[in-house]
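Below, read A as the first sequence line, B as the second, and so on, with proteins coming before strands; counting in each chain starts at 1.
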Amino acid sequence: MKVATWNVNSLRVRLPQLIDWLGQAAPDIVGLQETKVVDEEFPVAQLAAAGYRTVFVGQRTYNGVALLSREPPGTVLTALPGRLQDEQKRFVAARFGGLDVVCAYVPNGSEVGSDKYAYKLGWLEDLRRYLQALLRESPKVLVMGDFNIAPADIDVHDPLAWQGQVLVSEAERAALAGIMALGLHDTFRHLNPDLRAFTWWDYRAAAFRRDHGLRIDHILVSTPLLGTCRACRVELDLRRAERPSDHAPVLLELDAAALA
DNA sequence: ATGGTAGCAGAGCTA
């Protein structure tokens with residue numbers, strides 16, 4: 001079984017790449033972020049033709065998330081409980097068999113100390129509360145998405161230059177650590193303890209060519225799932241493509257028993 | 001030093 005997360009930065013633009021990649025990588029469940037498409041225009045038929053069910057919640061221009069799956073989803077949530085009237089569409093969750101899957105687009109935060117930064121920390125606290133409740137009732141939980149946080153200095157191409165900046169600041173890292181302290185594990189780091197790898201590179205200043213990246217997209221799993229995880233890698237080919245997203249997908253392989 | 005590029009939308013915001 002394979003689960004993947006990808007910030008597509010416009011599903012409209014990236015749809016051909018996405019469909020190609022679905023055919024090649026054959027993930028069972030995919031979380032997408034920054035779809036930037038309203039629900040009426042979500043490409044349901046094209047993704048169905050590629051073999052995927054879809055659940056999604058979007059808005060014009062900004063944000064937007066989706067879950068694609070081979071199997072039909074059970075219970076679906078399209079907003080973060082505690083933030084049901086937030087206009088920003090950043091959360092979708094669904095149950096697949098015995099597995100609860102959460103797809104999140106954590107706010108970027110813009111700049112340390114800004115209003116957007118405060119919004120990011122508040123959003124992360126609401127996510128933590130939701131996951132705390134979910135983990136009390138559900139042993140198998142997978143949380144994936146663009147967290148907009150590099151957990152440690154190994155996840156940063158130039159930790160000195162980035163020190164204290166948004167995406168790496170102490171408060172953001174503490175918020176992510178608080179979520180992981182609920183009993184969630186960073187699968188990439190668990191399976192690749194010393195590997196320096198990134199998932200996002202700025203479009204500007206030839207950042208990808210110079211590998212000036214950050215690892216800010218993550219797939220977290222609850223403790224009962226950790227032993228089922230076999231491999232986790234960054235799909236760099238999609239960042240090398242013509243007209244790429246600024247993020248590469250992260251792909252996790254786990255035993256099919258995870259779903260049972 | 002506040003750039004640089006991409007997406008959306010049609011100027012300026014967000015990332």
How far, in whole Å, is [M] from [N] if one measures between their [atom1] atoms?
N      : M      : atom1 : result
B:dA6  : B:dA1  : C1'   : 22 Å
B:dA9  : B:dT14 : P     : 14 Å
B:dG10 : B:dT5  : P     : 23 Å
B:dG3  : B:dG12 : P     : 14 Å

Next on the checklist: Using 30° and 60° as the class boundaries, would you call the ring planes of A:Trp162 and A:His157 parallel, tilted or perpendicular?
Outcome noted: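 The rings of A:Trp162 and A:His157 stand perpendicular, inter-plane angle above 60°.
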
How many Å lie between [atom1] on [X] and [atom2] on [N], as a whole number?
X        : N      : atom1 : atom2 : value
A:Glu172 : B:dA15 : CD    : C1'   : 14 Å
A:Trp162 : B:dT2  : CH2   : C1'   : 13 Å
A:Lys89  : B:dC8  : NZ    : P     : 19 Å

Checklist entry - Of A:Pro107 and A:Arg12, whose closest DNA chain B nucleotide lies nearer the 5' terminus? => result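 Looking at DNA chain B, the more 5' nearest nucleotide goes with A:Arg12.
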
Next on the checklist: Check this for me, if you would: do A:Asp186 and A:Arg215 make a salt bridge, where the nitrogen-to-carboxylate-oxygen distance has to be below 4.0 angstrom?
Outcome noted: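 Salt bridge: yes.
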
Next on the checklist: So, does A:Arg204 get its side chain near the phosphate of B:dT2, meaning an N or O under 4.0 Å from OP1 or OP2?
Outcome noted: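 Indeed not, no polar side-chain atom of A:Arg204 lies that close.
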
Checklist entry - For the side chain of A:Thr61, counting heavy atoms from C-beta on, which of B:dG7, B:dA9, B:dA15 is nearest? => result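 Side chain of A:Thr61 sits closest to B:dA9.
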
Item to check | Nucleotide of B:dT5, B:dG7, B:dA9 approaching A:Ser10 most closely (side-chain heavy atoms) | outcome: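 Minimum distance to the A:Ser10 side chain belongs to B:dG7.
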
Checklist entry - Which heavy-atom pair separates A:Leu84 from A:Ala79 by the least distance, and what is that distance? => result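 Closest pair (atom of A:Leu84, atom of A:Ala79, distance): CD2-CB, 3.8 Å.
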
Checklist entry - Can A:Arg70 be said to sit on top of A:Tyr52's aromatic six-ring, NZ or CZ under 6.0 Å from centre and within 45° of the ring axis? => result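 Yes, a cation-pi geometry holds between A:Arg70 and A:Tyr52.
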
